[in-house]
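This report concerns only the one structure given below.
Residue numbers begin at 1 in each chain, while the letters A, B, ... track the order of the sequences.
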Amino acid sequence: MRSCRNHPQMAAPTPLGDTCDIDLVRRATAGERDAFAEIYRRYHTVVYRFARMMSGSEVIAEDVTQETFTTLLRNLERYIPGRAELSTYLYGVARNITRSRLRRERRFVRLHINEETEPISTRDPSTVLEQSRQRRQLRRIIAELPSRYREVIILCALHGLSYAEVAMILGTPVGTVRSRLSRGRRAIADRLRELEEEPVVPAGVTRCVV
Amino acid sequence: MSDRTDGCIDAALQDLATADARAMVPSTVKAAVLRAWDVEQIAGSAGRLERNHRVHAWRNVAAWALVPTAVAVGAVLAMLTRDPAPARNLRFSSVRTEGPIHVPADQPVRSPSDETGVPQPARHFLTDTRREPIESGYVIVPEPFSDPTALYVVRVRMARAALAATLGMPMIDPDAEGLVDVEMLVGDDGITRSVRSATFVHENADQGAGR
């Protein structure tokens, strides 16, 4: 288990940064507000990023993030540390909420994602612009993937989770995760090839198949 | 997919992951989550208090229901398991049950009112304690008398015809002449409760007694 060491993508440590997830959950269950704030600090970014990539919307991602942690604080007593890591649990909650939200929004979402502010770079501006265009294009391709491939691409390729962790989050065998990841990558490659042949990629409504 | 395509995709995904890692969650989300935490804690405390109140209320109800039940059950058990000997302590235990008092018809009846003219209570009947009452498992209820301590035995002589008119006693020949000695139970209020006996007064016997 990885519960008692920090998540690789979580934020900077705090006074409770050395405390493992199990202890944090225990203290939060006892009513310690700082412990819950520490849990939020550790995992809010990954939840937000996952929701944003899944939905293609920052607004939905914010809602999903808030709802995920609200669900956590209401079910702290039901969380069983031995069954799954806290990050796995949060991914699972965020996934369910995102799918539910996309289903409610009739499967059509508009891409509202703004490109992150690039850190000051000395690179060639044209290179920076080209990379930004490629990222935007890749986001759109991922958003167009069926959700069963999209979530595997996000979790494995973007969040760096292992097959076993993704399998636990999705509740599927590891082999299924592998095959979905392979098909997802092939779909991305096919789409990239198609886009190279098209001169312009119009922005607008993108279909997200849930 | 070729290795070249795989490499391109990996590089693109890695670049996207790097850019994605710079995503900043608005502080409003954290504020909302922590506010939800505070609300949940307050609601939880209120819920716990409400649950405690509910438990206390049920305990009170149970206590109010159980105490009288326990008392009633205890009383019933005490009655069922009580030794019959203490029956003498009952309210009517002093009532003798050996039978009615008979006044022989051939003896002159001397009423306590003979000397004073005022009816006197027959103390020997209700206050005679020389004879132990018979132990009995029954509680004797002196029907139709509601208050046995307020009854007096009064013996009077009256005309035979008045017996039916005054006391309502059925007579075979209500119009016949002569006197009768009547022994009555009279209450404190002066009302006759019962006629214990009525004895015809023979003329000879009455004269012999000087009446």
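Contact annotation: the side chain of B/Leu13 approaches that of A/Ile153 to within less than 4.5 Å [non-hydrogen atoms, C-beta and beyond]. The shortest distance between side-chain heavy atoms of A/Leu73 and B/Gln41 does not fall below 4.5 Å. The shortest side-chain heavy-atom distance between B/Val29 and A/Phe69 does not fall under the 4.5 Å cut-off. B/Leu16 has its side chain within reach of A/Met53: a pair of non-hydrogen atoms, C-beta onward, lies under 4.5 Å apart.
The local environment of CE in B/Met184 is crowded, with over 12 non-hydrogen atoms from other residues, nucleotides or ligands closer than 6.0 Å.
Scanning for side-chain contact (heavy atoms from CB on, under 4.5 Å) contacts around A/Thr70 gives A/Gln66, A/Arg74, B/Ala36, with sequence neighbours left out.
Looking at A/Leu72, there are no atoms closer than 4.5 Å to chain B (heavy atoms on both sides), in backbone or side chain. For A/Leu76, the part lying under 4.5 angstrom from a heavy atom of chain B is the side chain only. Within the 4.5 angstrom heavy-atom criterion, atoms from both the backbone and the side chain of A/Ala28 approach chain B. For A/Ile142, the part lying near chain B is the side chain, with the backbone staying farther off; criterion is any non-hydrogen pair under 4.5 Å.
The shortest non-hydrogen separation linking A/Arg49 to B/Ala17 is NH2-O, 3.9 Å. Scanning both residues, A/Thr45 and B/Ala23, for their nearest heavy atoms gives CG2-O, 4.2 Å.
Here A/Arg191 contributes atom CZ and B/Ile9 contributes atom CD1; the two are 13.5 Å apart, rounded to the nearest 0.5 Å.
Within the structure, side-chain hydrogen bond (donor to acceptor under 3.5 Å, both in side chains) pairs that include any residue of residues 26-35 of chain B do not occur (at least two apart or interchain).
A salt bridge does not link A/Arg135 with B/Asp20: every distance from a Lys NZ or Arg NE/NH1/NH2 to an Asp or Glu carboxylate oxygen is 4.0 Å or more.
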